[in-house]
Amino acid sequence: MSTEEKSLHFIEQIIEDSLSSGFPQDKLRFRFPPEPNGYLHIGHAKSICLNFGLGLKYNAPVNLRFDDTNPAKEEQEYVDAIKEDLKWLGFDWTEELYSSDYFQQLYDWAVAMIKNGKAYIDSQSSEDMAIQKGTPTQPGVDGPYRNRSVEENLSLFEGMKNADFPEGSHVLRAKIDMKSTNMLMRDPLMYRILHRHHHRTGNDWKIYPMYDYAHGESDYIEQISHSICTLEFVMHRELYNWFLDQIYDDSKVKPHQYEFARLNLNYTVMSKRKLLQLVQENIVNGWDDPRMPTISGLRRRGYTAASIRKFCDIIGVAKRENVIDVSLLEFCLREDLNKAAPRVMAVLDPIKLIITNYPVDKEEWLEAENNQEDESAGFRKVPFSRELYIEREDFLEEAPAKFFRLSLGREVRLKNAYIIKGESVVKDAAGNITEINVTYDEDSRSGSGSEGSQRKVAGTLHWVSIAHAIEAEVRMYDRLFIDEAPDSHKEKNFLEFMNPSSLQIVKGFVEPSLSDVKSDEKFQFQRLGYFNVDKDTSEGKIVFNKTVGLKDAWEEKGKKEENLLMNTQKEINKYVKEKDANNAALILNSIIENIKSIDNYSLIIQTIVKNIKNDNNSLLFSNLILHYSDKVKIKDIEEESLTKLYTMSLKSQMAAVRILAIQNLQNDLNNYSLFETQLSEIKKVEKNEKVLKLLNDLKL
């Protein structure tokens with residue numbers, strides 16, 4: 001096998017096998033079939049890149065087909081947005097098609113199936129149908145209308161089409177096998193009555209086909225050779241094939257369905273329903289809010305099409321579900337922007353800096369490189385003057401040894417300019433620093449070739465000349481959720497994990513070269529990150545969106561929290577061994593503060609469960625987290641783990657463990673009664689006064 005063959009993903013290998021078995025290359029045809037009931041998100045991008053990528057690789061047509069069979073949820077707005085996203089990603093389609101194009105053909109086929117005894121009208125309620133279908137372990141039973149005559153079925157179906165009946169009164173079902181081990185084969189629905197306006201067919205139709213029926217038949221009409229779906233459709237494949245078997249003509253291509261693992265991204269929700277909820281409840285500012293995982297949101301935030309395509313290429317196409325770290329997407333973005341984004345200077349939390357020995361009326365235009373990663377990017381001129389803005393965090397009046405920015409008595413270089421030295425500060429009545437006074441080394445101008453310009457100092461700061469600065473609104477976006485799996489926790493609403501700091505709006509100042517920026521232009525604010533010009537920008541008002549930082553702050557935060565928990569567990573050992581009560585209390589307070597500072601819900605849960613073992617210190621740690629963390633509640637712990645924690649803790653030889661277990665049980669009304677007997681038994685033999693007092697307070 002050649003190297004190229006080894007690099008093929010499994011879908012490509014399937015196609016190669018089809019071609020090797022004699023399937024004509026000119027019969028290859030693919031499709032991307034979105035339902036226009038919401039905006040596309042990053043998960044769809046994987047499917048888009050796969051289907052259109054196959055089209056490019058095999059020089060085969062790729063249709064854009066809107067599966068618009070549910071007028072209750074579909075809108076023209078979504079159709080337009082999907083087309084815009086596809087074009088922005090860099091893909092074009094062979095034909096723009098709609099399942100609604102085939103409504104008459106689908107209806108005619110359904111009539112033929114009724115005549116062939118393969119479909120019937122069911123008039124049961126949805127609740128009765130659900131009961132009649134059985135369960136995964138119990139076969140279904142035939143419904144009371146399954147053996148209606150062909151004539152009655154045809155008459156009722158015609159009546160459904162003509163709006164003679166209300167919604168929910170009748171459905172058309174395929175007549176397959178009510179005892180099938182695949183519940184989808186137990187006489188699935190084909191048509192339902194919907195008296196709704198359709199965005200393309202208007203009020204022409206009063207019945208609409210179900211997705212499972214329309215999908216495969218639409219593939220057949222378009223002669224799609226390889227119908228590629230995500231893994232949740234594996235169980236649907238048998239039904240897909242059954243519907244095709246009812247209409248297949250062996251002179252045509254019979255589509256085959258293949259499934260791949262969809263994209264799961266941490267710190268994100270991909271459910272259209274949940275994304276719609278965020279929009280409708282005004283938790284975000286529309287589908288293209290830069291915090292949304294929608295393609296339009298990513299575009300507005302400043303993501304590039306190339307970075308998304310690269311991301312999809314790196315994660316590949318697999319058969320098994322896995323969760324991709326969003327930091328990989330951010331890495332692909334940084335890599336792309338690093339090559340193309342011009343470097344500029346901006347200050348987002350300004351403090352005034354005055355160079356006391358620089359002439360009051362002097363102004364210089366210094367040369368600055370636009371992008372050191374791109375030789376063709378050239379240089380620009382930036383103005384320099386006596387009074388500048390620098391970032392507030394870049395100055396400390398008294399700084400520790402490893403602080404490599406400005407402080408009194410220390411030197412730093414101003415980017416593209418001079419070396420300065422901190423001399424004094426001016427403070428307001430509250431003691432806040434309002435101005436920093438510095439001196440500069442006139443011989444140290446960057447690029448001048450002078451001896452002073454060759455001097456090395458520890459830090460370099462960005463800055464903006466106050467006289468030339470342009471005010472800008474800067475929207476500092478961050479991840480929308482603080483938990484890595486916000487919609488995966490039982491008994492928890494995903495909205496509980498919203499990041500309260502996902503948007504902060506600040507007034508910043510930028511260099512004058514940015515005075516005439518246009519929407520969607522991208523820049524690197526030196527030392528701060530990458531920023532995109534928002535569409536809200538207008539004459540006299542510039543708005544920037546923070547796209548991504550220069551470094552992965554979340555990875556650093558995650559590692560810090562993991563390390564903090566590890567170190568806190570070590571502190572448990574010190575606390576247990578400490579003989580002096582005052583010192584022990586100080587250690588315990590430190591442990592509690594550390595626990596309260598951890599935000600990562602999943603990490604907290606994992607740590608609690610991991611430490612439920614026959615070890616006093618571990619049990620103490622679990623109970624402390626459960627008691628003091630405000631990020632988790634007792635009900636968030638699985639019942640089996642919680643029972644194990646209480647049982648082992650109440651038997652612990654360490655009084656502190658027993659105390660915390662009793663306190664946690666006091667807050668757990670669901671489980672308290674289960675342990676009353678055990679608590680009564682403990683009370684009879686307990687010798688520790690604190691534990692006894694707790695038990696007596698319980699009035700067992």
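Quick caveat, the model's predicted, so the values are computed rather than measured.
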Would you call the rings of [X] and [Y] parallel, tilted or perpendicular, taking 30° and 60° as the class edges?
X: Y39; Y: W287; result: parallel
X: H489; Y: F497; result: tilted
X: F525; Y: F531; result: parallel

Carboxylate-amine/guanidinium contact [X] [Y], below 4.0 Å:
X: K596; Y: D630; result: no
X: D483; Y: K631; result: no
X: E471; Y: K541; result: no
X: D85; Y: R299; result: yes
X: D478; Y: K546; result: no
X: R475; Y: D536; result: yes

What residues, two or more places apart in sequence or in another chain, satisfy salt bridge (charged side-chain N to carboxylate O under 4.0 Å, His left out) together with D443?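 For D443, no residue satisfies salt bridge (charged side-chain N to carboxylate O under 4.0 Å, His left out) once neighbours in sequence are set aside.
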
Has K274 got more than 12 heavy atoms of other residues, nucleotides or ligands less than 6.0 Å from its NZ?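 Yes, NZ of K274 has more than 12 neighbouring heavy atoms, counting only those of other groups under 6.0 Å.
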
Taking side chain as C-beta onward, heavy atoms only, is I315 less than 4.5 Å from L328?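 They are in contact (side-chain heavy atoms under 4.5 Å apart), so the answer is yes.
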
Would K352 count as a cation-pi partner of Y389, with NZ or CZ less than 6.0 Å from the six-membered ring centre and within 45° of the ring normal?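 No; the conditions do not both hold, so K352 does not lie above the ring face of Y389.
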
When you measure from the centre of the six-membered ring of Y267, is the NZ or CZ of R479 closer than 6.0 Å and no more than 45° off the axis?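 Pair R479/Y267 counts as cation-pi.
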
Applying side chain to side chain donor-acceptor pair (under 3.5 Å), which residue pairs with at least one partner in residues 506-515 are found, sequence neighbours left out?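 Listed by first then second residue: R380-E511, E511-S513.
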
